[in-house]
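A short worksheet on the structure shown next.
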Amino acid sequence: MEARMLKLSGKVVYKGIVVGPVALLKKDDQQVRRIRIDDADAELARLGKAGEQAQAQLQKLYDKAVTEVGEASAAIFEVHQMMLEDDDYLDAIHNMIRTEMVNAEYAVAVTGDNFSEMFANMDDDYMKARAADIKDISNRLVRNLMGREDMSLADMEPSIIVADDLSPSETIQMDKKKILAFVTVHGSANSHTAILARMMNIPALIGVPVNLEEVHTGMQVIVDGLKGEVIFDPAEEVCKEAEARVKEEQEKHKLLQTLKGKDNVTLSGKTIDIYANIGSVSDVGYVLENDAGGIGLFRSEFLYLGRDNFPTEEEQFQAYRQVLQTMAGKKVVIRTLDIGADKQVDYFNLGKEDNPAMGYRAIRICLKQPHIFQTQLRALFRAAVYGNLSVMYPMITSVEEVRKIYEVVEQVKEELEEQQVPYKVPEQGIMIETPAAVMVSDELAQMVDFFSIGTNDLTQYTLAVDRQNAKLDDFYNPHHKAILRMIQMAADNAHKCGKWVGICGELGADLELTEEFLRMEIDELSVAPSMVLKVRKAVRESAV
Amino acid sequence: MKKFDYTIQDEVGIHARPAGLLVKETKKYESKVTVAKDGKSAEATKLMALMSLGVKCGETVEVSVEGADEEAAYDGIKAFFEANL
């Protein structure tokens with residue numbers, strides 16, 4: 001077949017070039033409609049084929065799971081195979097097709113609902129959970145009947161994710177080792193897809209006007225983050241040329257690796273700490289791999305996203321402790337919950353807001369619903385015993401808020417004391433990400449141990465530009481003098497009180513500003529793990 | 001017809017995996033095998049029906065075997081319960 005060479009351009013959020021197969025991520029639009037049929041036998045034959053296909057898919061999943069996670073965990077796929085052969089389940093579907101003359105999709109969906117309902121109503125937690133298995137096998141059958149691809153990311157070869165847009169909870173569930181690049185139709189340069197791509201050091205293009213109907217999983221694609229181009233179904237010689245460039249990039253990457261273990265020191269002897277920003281426990285590997293001096297921003301939201309209820313104190317404690325122990329004495333700055341705005345979680349019941357970025361989020365939720373905050377603080381203080389922890393509070397606008405935080409901190413301390421649970425009150429700092437916090441930074445600096453400047457929100461609030469709105473990307477200018485002056489002001493006020501100041505927003509990794517930050521005497525830059533060595537290179541080449 | 005009582009030792013009860021294996025085991029024989037608890041019963045060839053009995057650890061089920069090969073089926077099914085449940 002002739003290559004179609006569908007060439008499109010988009011906005012680059014992370015440079016780099018890669019060639020690989022597409023994994024098309026479609027929103028779950030598995031809407032089943034009831035359709036009257038004339039030929040029940042033909043419908044039953046379709047069902048039989050879908051069932052065989054499902055058995056084969058499950059066998060593949062089982063085999064893969066056995067080698068990767070072991071027999072015990074793989075057993076679930078075997079159970080799914082058995083469920084698909086269950087007489088009662090199949091009889092119910094067959095009967096419905098024959099007696100009501102309906103399409104197989106509809107019969108499977110209705111039967112699946114009935115059976116899963118039956119399990120959901122049992123008074124045994126184990127059996128209740130089986131309701132999900134029945135839904136799962138029924139969805140698999142429906143998918144096969146509709147001729148949809150089995151889009152389980154766990155089962156995927158390393159691929160280029162092509163999607164309309166990705167939500168934070170979707171991205172958080174992906175196995176990052178299997179993602180070669182992102183291509184999305186929507187999303188802005190500051191969306192979570194973009195942040196994730198930068199962190200993982202993988203090419204990403206957004207705003208690519210691709211018709212998802214023309215793309216299918218497995219199709220070859222070149223993502224060229226240097227030219228800002230995507231080529232679906234490329235011709236062979238184009239592919240070869242791209243592969244040569246991939247190699248070239250890899251050489252450059254190797255050169256950067258020689259900077260591992262070197263100090264972050266300028267030609268004139270000035271030093272600065274370079275830490276990494278991460279969003280989940282598994283990202284710690286990237287931190288160490290890239291030789292970061294510590295973790296300057298650990299977004300604790302991952303604990304809250306992609307689930308149905310609040311994480312328990314114990315769950316949080318285990319996660320924090322694991323990170324602290326893995327980092328073995330290196331500094332780890334954990335930011336308390338920053339849910340709200342663009343990160344929505346159903347069970348928080350936050351409600352729709354007209355202007356979420358300026359709404360009920362982050363520390364505001366923590367102060368209004370202190371039990372959520374207390375649980376997190378208890379987990380953090382308990383974990384603090386196991387390493388070098390700093391806690392950082394987001395979205396601060398006033399001295400009063402910090403005072404209220406300290407009241408909760410006191411309560412938590414007293415409780416832990418009373419219960420004789422081992423704990424330590426870690427170093428405590430705040431995010432400087434509102435113009436208000438900058439303006440009162442002289443007073444705030446006296447109350448806290450450090451500042452960390454969140455340039456993404458600071459830019460959005462200072463310039464009044466919504467960073468989720470792709471139309472405004474041209475107006476989002478983080479190099480604006482107003483922003484740089486604010487950073488300077490906050491840094492000076494911190495230093496007057498002998499406190500350290502870091503930058504943890506995207507700006508920290510902006511190589512055009514590295515020298516400027518050195519001049520401002522910023523103590524620490526926290527950047528995506530993939531940027532650590534690049535920033536180190538810029539520091540070492542600077543004469544400041 | 002032959003019958004035996006068995007008290008479940010597995011801590012999750014008759015859960016998905018052993019129930020599935022029991023189905024496989026039962027299908028080796030011609031005899032009809034029924035598992036009953038508290039007046040409810042399920043044929044041992046039906047996975048979901050078996051699971052929906054909701055048999056927990058420590059509970060006793062009555063297993064009956066009836067058919068042409070009931071001698072062999074009785075021994076095989078009994079051994080299966082002892083080894084897996």
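These figures come from a predicted structure and were not determined experimentally.
Here the closest non-hydrogen pair linking B/Ser52 and A/Met118 is CB-CE, 3.7 Å. Across A/Asp86 and B/Leu47, no two heavy atoms sit closer than the pair OD1-N, 2.7 Å.
Within a 6.0 Å radius of CD in A/Gln420, no more than 12 heavy atoms belonging to other residues, nucleotides or ligands are found. Within a 6.0 Å radius of NZ in B/Lys2, more than 12 heavy atoms belonging to other residues, nucleotides or ligands are found. More than 12 heavy atoms of other residues, nucleotides or ligands sit less than 6.0 Å from atom CD of A/Gln55. Counting heavy atoms of neighbouring residues, nucleotides and ligands inside a 6.0 Å radius, atom NZ of B/Lys56 exceeds 12 of them. Around atom NZ of B/Lys24, no more than 12 heavy atoms belonging to other residues, nucleotides or ligands sit under 6.0 Å away.
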Working for side chain to side chain contact (heavy atoms under 4.5 Å, CB included), residues B/Met48 and A/Asp88: CA-CA 7 Å; B/Met48 293 201 205; A/Asp88 289 337; 5.5 Å; no

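No part of B/Leu50 comes within reach of chain A, as not one of its non-hydrogen atoms sits under 4.5 angstrom from that chain.
Residues B/Met51 and A/Met122 fail the side-chain proximity criterion, which asks for heavy atoms closer than 4.5 Å.
The pair A/Asp87-B/Lys46 fails the salt-bridge criterion, with no side-chain N (NZ, NE, NH1 or NH2) lying under 4.0 Å from an Asp/Glu carboxylate O.
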